[in-house]
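Comments concern the structure below.
In this text, all values refer to a predicted model and were calculated from it rather than measured experimentally. In each ligand, atom 1 is the first atom listed, and ligand 1 is the first ligand listed.
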Amino acid sequence: MTTSTALGATITGWGTALPDIVVTNADFEARLDTTDEWITERTGIRERRHGGTTASLAVEAGRKALEMAGLTGADIDFILLATTTPDYQIPSTASQVQEELEINGGACDINAACSGFVYGLVQAHGLIAMGLKRILLVGAETLAKVTDQEDRNTAILFGNGAGAVVLEAVEGQGQLLSFDLGSDGTARELLDAPIGGYINMVGKEVFRKAVTVMVDSARTSLSDAHLTSDDLALVVPHQANIRIIEAACSRLDVPMDRVAVVLDRTGNTSSASIPLALVDAIEHGRVKRDDNVLLVGFGAGMSWASAIIRWTGRLPEENA
Ligand code: UT7
């Protein structure tokens, strides 16, 4: 979809949070039938974080994003929180974050698995097109609690973390040039976690489908924005496996020096992975004014999402 509204949005603040407990590949090597070499070669992950609650991580990331935007919770009209690991079945984790950050207006969770942050980004733009002025969008996860820590197939992959952005209304199109959101419910059994249970995953099949849907979705967003991959300054992919990222970016003809990667330090943090990688790239000076940035993810559902942002919004002073 190409965006065409009188009221667009721009990102004016961002923040991240990672809990303190660092779990290294050596920690798994000590107690599971696995090796640092296997994990690093097959996934690219070296460490992930455990601990925290989804709300506590979301509050920390959200507070940083508000401070950077020069706002308080009272200035925010809506909080959208993308998560697959809410702290409670009822109510939404967003409602707890709303209380702690003293946010006005609506609050709800979005569960689109690892595509959740990009789904939320598009939904935030929709709310702004309807007249809301400022939205806090958070991706926050505590995947360690839904991962069987004795299962070498999944324990090594998933971690906890959060990333947040503040979106503010601007006249005209704003930052979002195009987006593509999709889901194939027939593939939902490839990756699921029953209520109260652990993640089950058919890893190889998820891998295969992931590359295809990321590439297809990215191409759709590029074509809708009348861009080619040469026009992309940065790709921020979902951080699941470095081999998935490399395969998808190779098919898109994007060299890895234009790709944001944090999974070596975070593992797969589902809804949090794209904002964690985006903020890392911004803070390392990898996003400049008017750069085209592609966000692209896939996940359980099987969901997928891509969006192209032209970075007209805030940047760290040295890059502005
Ligand atoms: O957010 C979306 C979520 N999920 C994903 O994106 C996951 C997508 N899939 C993947 O990332 C990969 O499929 C995995 C990393 C999960 C697995 O890598 P793979 O290269 O597809 O390995 P495999 O499942 O084909 O397993 C190869 C071998 C198997 O042993 P055998 O049957 O060949 O004897 C596994 O049992 O590796 C074994 N294995 C391990 N060995 C050491 C599986 N996990 C481990 C492990 N350490 N941690």
Side-chain angles (χ1 to χ4, degrees), residues 23-49 82-85 110-119 139-144 146-163 182-185 187-193 198-215 217-218 236-249 259-264 266-277 295-306:
V23 181
T24 65
N25 291 350
D27 293 331
F28 286 116
E29 205 170 46
R31 60 183 185 77
L32 296 180
D33 181 16
T34 190
T35 60
D36 172 42
E37 189 187 9
W38 191 96
I39 301 170
T40 308
E41 277 179 10
R42 304 309 291 170
T43 72
I45 299 167
R46 294 181 182 278
E47 58 187 46
R48 66 296 285 147
R49 301 294 182 102
T83 188
T84 58
T85 47
I110 300 169
N111 180 349
C114 312
S115 310
F117 184 82
V118 180
Y119 267 63
E141 300 281 5
T142 44
L143 287 159
V146 295
T147 307
D148 180 354
Q149 296 300 324
E150 303 306 314
D151 174 11
R152 69 176 186 174
N153 293 296
T154 52
I156 57 152
L157 298 174
F158 297 104
N160 300 353
S183 180
D184 173 9
R188 69 188 187 283
E189 287 177 5
L190 294 179
L191 174 48
D192 63 16
Y198 290 134
I199 292 175
N200 309 298
M201 183 174 69
V202 188
K204 260 206 164 8
E205 190 57 15
V206 173
F207 190 119
R208 200 181 60 77
K209 283 191 183 293
V211 175
T212 307
V213 297
M214 281 174 84
V215 171
S217 185
V236 184
H238 170 46
Q239 310 282 306
N241 185 318
I242 194 67
R243 291 185 296 132
I244 294 176
I245 294 174
E246 285 169 352
C249 290
V259 181
V261 175
V262 293
L263 62 75
D264 50 319
T266 63
N268 181 344
T269 57
S270 192
S271 306
S273 90
I274 286 181
L276 281 168
L295 313 182
V296 58
F298 67 93
M302 183 169 193
S303 64
W304 60 86
S306 61

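In terms of protein heavy-atom proximity, atom 23 (P) of ligand 1 is closest to Lys204 NZ, 3.8 Å. Atom 38 (C) of ligand 1 has as its closest protein heavy atom Arg152 NH2, 3.6 Å. Annotation: atom 26 (O) of ligand 1 to nearest protein heavy atom, Trp38 CZ2, 4.4 Å. In terms of protein heavy-atom proximity, atom 14 (C) of ligand 1 is nearest to Asn241 ND2, 4.4 Å. Scanning the protein for heavy atoms near atom 47 (N) of ligand 1, the closest one is Thr34 OG1, 2.6 Å. From the protein, the heavy atom lying nearest to atom 4 (N) of ligand 1 is Met201 SD, 3.2 Å. For atom 9 (N) of ligand 1, the nearest protein heavy atom (residue, atom name, distance) is Gly203 O, 3.0 Å.
Close approach of ligand 1 to Ile156 is summarised as follows: ligand atoms under 4.0 Å from at least one heavy atom of the residue are 48 (N). Contact atoms of ligand 1 toward Asn153: 43 (C), 44 (N) (distance under 4.0 Å to a heavy atom of the residue). Proximity to Thr43 (heavy-atom distance under 4.0 Å) selects the following atoms of ligand 1: 15 (C). Against a heavy-atom cut-off of under 4.0 Å, Arg243 is close to the following atoms of ligand 1: 18 (O), 19 (P), 20 (O).
Of the possible polar contacts, none joining the Asp36 side chain to the Glu29 backbone as a donor-acceptor pair under 3.5 Å is found. Here the side chain of Arg152 pairs no donor or acceptor atom with the backbone of Leu32 at under 3.5 angstrom. A donor-acceptor contact shorter than 3.5 Å is absent between the side chain of Thr43 and the backbone of Thr40.
With a heavy-atom cut-off of 4.0 Å, Ile244 touches ligand 1 through its side chain alone.
Which of Arg42, Glu29, Glu37 comes nearest to atom 20 (O) of ligand 1 through a heavy atom is settled by distance: it is Arg42.
Annotation: side-chain contact (heavy atoms from CB on, under 4.5 Å) contacts of Asp184 (sequence neighbours excluded): Thr186, Ala187, Trp304.
There is no protein heavy atom less than 4.0 angstrom from atom 32 (O) of ligand 1.
Every pair tested for side-chain hydrogen bond (donor to acceptor under 3.5 Å, both in side chains) that includes a residue from residues 239-248 fails, sequence neighbours excluded, so the list is empty.
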